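Only one structure is covered here, and it is reproduced in the block below.
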Amino acid sequence: MKIAVLPGDGIGTEIVAEAVKVLNALELKFEMEEALVGGAAYDAHGHPLPESTLKLAKDSDAILFGAVGDWKYDKLDRPLRPEQAILGLRKNLGLFANFRPAICYEQLVSASSLKPELISGLDILIIRELTGDIYFGQPRGRRVATDGHFPGAEEAFDTMRYSRPEIERIAHVAFQAARKRSKKVTSVDKSNVLETFQFWKDVVTDVHKEYPDVALDHMYVDNAAMQLVKEPKKFDVVVTGNMFGDILSDEASMLTGSIGMLPSASLNSQSQGLYEPSHGSAPDIACKGIANPLATILSAAMMLRFSLNQAESADRIETAVRSVLSSGLRTVDIWSEGTQKVSTREMGEAVVKAITKKAKG
Ligand code: IPM
Ligand code: MG
């Protein structure tokens, strides 16, 4: 088994280092190889996704990814910006199915900005389509003004599009995931305004005919955004397009207390996967040792379960995270009165300790 380790930028390097320690503590037999990606790769090689990094990713069974991006690259041409690295990996590897579970750990109920009764016991799964939609639509661009420069451009555009097979395959993923849970799917669209999402709704409805045991409802994205904070436990599996999924998963993460807790898995049709926290590179808190490594550590657990067939080890990580939270350790994003504030490294090492103690005991 081979894992490509791509820490990226900002807090990416700090949180991935902790997840790697946790993986090593499991004493499984796998090879890990690290490579540069994002702004770090641009600085070293002049491209956010160098050929060598892409090749390593393609040749690996799974990819552990940190985060990419920094304001200092905002002036670069779009194809050279750090974000293109993650978009390029998703597209090149066909990682169309993005799982973003939002689970509220009992120990963190008070860390959320929502009332405890709204979120206690929350366990929803956002399934975001990841390789289509306005993110990858063509044509796109800015209409150049007569002086030939973008600063003088009068207009910019991106094209929203989905094909039937793209919607069908993500709908199948959602219905199959729902079968293993409470058999309920909410498909989120904007069919009242957008042709793309009327089509989305029609195709999801067609695919649903193959899953009579699963309940399906449709919701407009603005309403879904509102319902998610009003009555989050009403949802179980949510399936939606790339852009709505991006936004709703950030919103859902705050139901769990902190975006620093939300892992994700992005899979292709061969179950090869990229695993990353749902949060970004947070350059404002980089190098301070305060980032929460738990989303990345929990992403590593998803990697063991989904791509490496090591469900038992995944359970060990998740149990260790729960026990560390129960012992009261908190990074600053999930800290509340009466708990103990720890650094990124202390949090990672506490998880390692919980794993090895279990193994010995
Ligand atoms: C995410 C991120 C990315 C996205 C960015 C970094 C390109 O926000 O994974 O949610 O928009 O998909
Ligand atoms: Mg996002």
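Worth saying up front: this structure is predicted, and the values here are computed from it rather than measured. Numbering of ligands and ligand atoms starts at 1, following listing order.
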H218 and T205: side chain donor to acceptor below 3.5 Å: yes
If we ignore angles and hydrogens, is there a donor and acceptor under 3.5 Å between the side chains of S120 and E106? yes
Using the ring of Y211 (Phe, Tyr or Trp, six-membered ring only), decide whether R179 places NZ or CZ under 6.0 Å from its centre and within 45 degrees of its axis. no
Answer yes or no: is there a side-chain heavy-atom contact under 4.5 Å between E168 and R164? yes
Could you tell me if S299 and E276 have a donor-acceptor pair between their side chains, going purely by distance under 3.5 Å? no
Give every residue pair that meets the salt bridge (Lys or Arg N to Asp or Glu O under 4.0 Å) criterion with at least one member in residues 241-257, sequence neighbours excluded. R128-D246
Closest approach of any protein heavy atom to atom 2 (C) of ligand 1, naming residue and atom: D246 OD1, 4.0 Å
min-distance protein heavy atom vs atom 1 (C) of ligand 1 -> R100 NH2, 3.4 Å
For P277 and A295, the nearest pair of non-hydrogen atoms, with its separation, is CB-CB, 3.6 Å
Parallel, tilted or perpendicular: rings of F244 and F197 (30°, 60°): tilted
Test side chain to side chain contact (heavy atoms under 4.5 Å, CB included), reference I3, set L308, I63, L304, output is L308
Quick test of your reading of the structure: of M243, R90, H279, whose heavy atom lies closest to atom 9 (O) of ligand 1? R90
Just which atoms of ligand 1 are under 4.0 Å from any heavy atom in R128? 1 (C), 4 (C), 9 (O), 10 (O), 11 (O), 12 (O)
Can you check whether S278 has an N/O within less than 3.5 Å of an N/O in ligand 1? no
Heavy atom of the protein closest to atom 11 (O) of ligand 1 (residue, atom name, distance): Y135 OH, 2.5 Å
For atom 6 (C) of ligand 1, which protein heavy atom lies nearest, and how many Å away is it? E83 CG, 4.0 Å
Sort by chain and number the protein N/O/S atoms found under 2.8 Å from the Mg ion (ligand 2). D246 OD1
Has K91 got its NZ or CZ under 6.0 Å from the middle of the six-membered ring of F136, at an angle within 45 degrees of the ring axis? yes
So is E276 polar-close to ligand 1, meaning N/O to N/O under 3.5 Å? no
